[in-house]
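A short worksheet on the structure shown next.
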Amino acid sequence: MKVKKGDAGYIRTQKRRRTFYTTFLFAVSIAVFLTGYFTTHTRNNVLTIVAVLGCLPAAKAAVGLIILLPYHTIDEKKQILLREKAPLITVAYDLVITSREKIMPIDVIAISGHLVCGYVSRTKVDLAYTEKYIKTTLKENHYDKMTVKLFTDYNAFLGRAEGMNNIEAVEKPENHRIEESIKDILLNIAI
């Protein structure tokens, strides 16, 4: 089964995929260079230029991999606990949101109506900046009056998600379309 952006395990899958892709691109460039070198016995040939130009997409792929290396997929026990406590709310896992100034990893985001809450396991993330960035992005996409709250304590996040699930159980599923739209916006600003 293909792991899509927003699914649990996305970061792990992307690390594997990007590692393979980066290695492959550099291997092709090296093979092209060596082919030119062994056929002409000099570096001064057209295949050397092709190999150097082939390093550009390989370097770009390497940058994408390097950005993801410090981040990890959310623990499977936490995923299961969230699914048990709050099965009705829309969730997105393994987000690495980027702005011009910062990279903000978010383990999981829960969306219900005009409430967005998330869990961040890394303590060095600036929660106030991240909340403001998400709220601004949603406002730019015509979702005003959104409440965004991020937690570094998983139990506090789980309590909020459970409360959101209770609200979702009372309300009609009309909000589900809106929640999926909000989820798509958040996935678009993530790597």
(message) Within the 4.5 Å heavy-atom criterion, are Val125 and Thr130 side-chain neighbours or not?
(response) yes
(message) Test of understanding: clusters of I, L, V, M, F, W, Y form through side-chain heavy atoms closer than 4.5 Å, transitively. Do Tyr93 and Leu187 belong to the same one?
(response) no
(message) Using only atom types and a distance under 3.5 Å, with no angle test, would you say the side chain of Ser29 pairs donor to acceptor with the backbone of Gly54?
(response) yes
(message) Can you confirm whether Arg83 is buried at CZ, in the sense that more than 12 heavy atoms of other residues, nucleotides or ligands lie under 6.0 Å from that atom?
(response) yes
(message) Using only atom types and a distance under 3.5 Å, with no angle test, would you say the side chain of Asp94 pairs donor to acceptor with the backbone of Ile74?
(response) yes
(message) Working to the nearest 0.5 angstrom, can you tell me the gap between Ile185 CD1 and Tyr143 OH?
(response) 5.0 Å
(request) Kindly indicate, with the supporting measurements, whether the criterion side-chain contact (heavy atoms from CB on, under 4.5 Å) is fulfilled by Thr90 and Glu168. (result) CA-CA 10 Å; Thr90 303; Glu168 192 75 23; over 6 Å; no
(message) Whether the side chain of Lys135 engages the backbone of Thr147 through a donor-acceptor N/O pair (distance < 3.5 Å, no angle test) should be reported.
(response) no
(message) For Tyr129, is there any backbone N or O sitting under 3.5 Å from a side-chain donor or acceptor partner on Lys102?
(response) no
(message) Please report whether the ring centroid of Phe157 lies less than 6.0 Å from that of Tyr154.
(response) yes
(request) Measure the spacing between CG of Asp144 and CG of Leu138 and express it to the nearest 0.5 Å. (result) 10.0 Å
(request) Report whether Val108 and Met104 are members of the same hydrophobic cluster (ILVMFWY, side-chain heavy atoms less than 4.5 Å apart, transitive linking). (result) no
(request) Please examine the side chains of Thr136 and Lys132, heavy atoms only from C-beta on, and report whether any two atoms are closer than 4.5 Å. (result) yes
(request) Please round to the nearest 0.5 Å and tell me the distance separating atom CD1 of Ile167 and atom CD of Glu162. (result) 12.0 Å
(message) Please check: side-chain N/O of Tyr37 versus main-chain N/O of Thr48, any donor-acceptor pairing under 3.5 Å?
(response) no
(request) Check whether Ile189 and Ile106 end up in the same hydrophobic cluster, where Ile, Leu, Val, Met, Phe, Trp and Tyr are linked by side-chain heavy atoms less than 4.5 Å apart. (result) yes
(message) Any heavy-atom pair between the side chains of Glu179 and Ile89 that's under 4.5 Å?
(response) no
(message) If I take atom CG from residue Leu186 and atom OG1 from residue Thr137, how far apart are they, to the nearest 0.5 angstrom?
(response) 8.0 Å
(message) With clusters defined by side-chain heavy atoms of hydrophobic residues (ILVMFWY) lying less than 4.5 Å apart, directly or transitively, does Tyr71 cluster with Val3?
(response) no
(message) Main chain of Gly64, side chain of Arg18: is a donor-acceptor contact present, judged purely on distance under 3.5 Å?
(response) yes
(request) Please check if the side chain of Asn165 supplies one atom and the backbone of Ala161 the other of a donor-acceptor pair under 3.5 Å. (result) no
(request) Give, for atom OG1 of Thr19 and atom CG of Leu65, the distance between the pair rounded to the nearest 0.5 Å. (result) 4.0 Å
(request) Report yes or no: do Leu150 and Val96 belong to one cluster of Ile/Leu/Val/Met/Phe/Trp/Tyr joined by side chain heavy-atom distances under 4.5 Å? (result) no
(message) To the closest 0.5 Å, what do you measure between CG (Leu82) and CD (Glu84)?
(response) 10.0 Å
(message) Would Lys78 and Tyr119 count as a cation-pi pair here, with the cationic atom under 6.0 angstrom from the ring centre and within 45° of the axis?
(response) no
(request) Sort out for me which residue in Val116, Ile109, Leu115 forms a side chain to side chain contact (heavy atoms under 4.5 Å, CB included) with Val148. (result) Val116
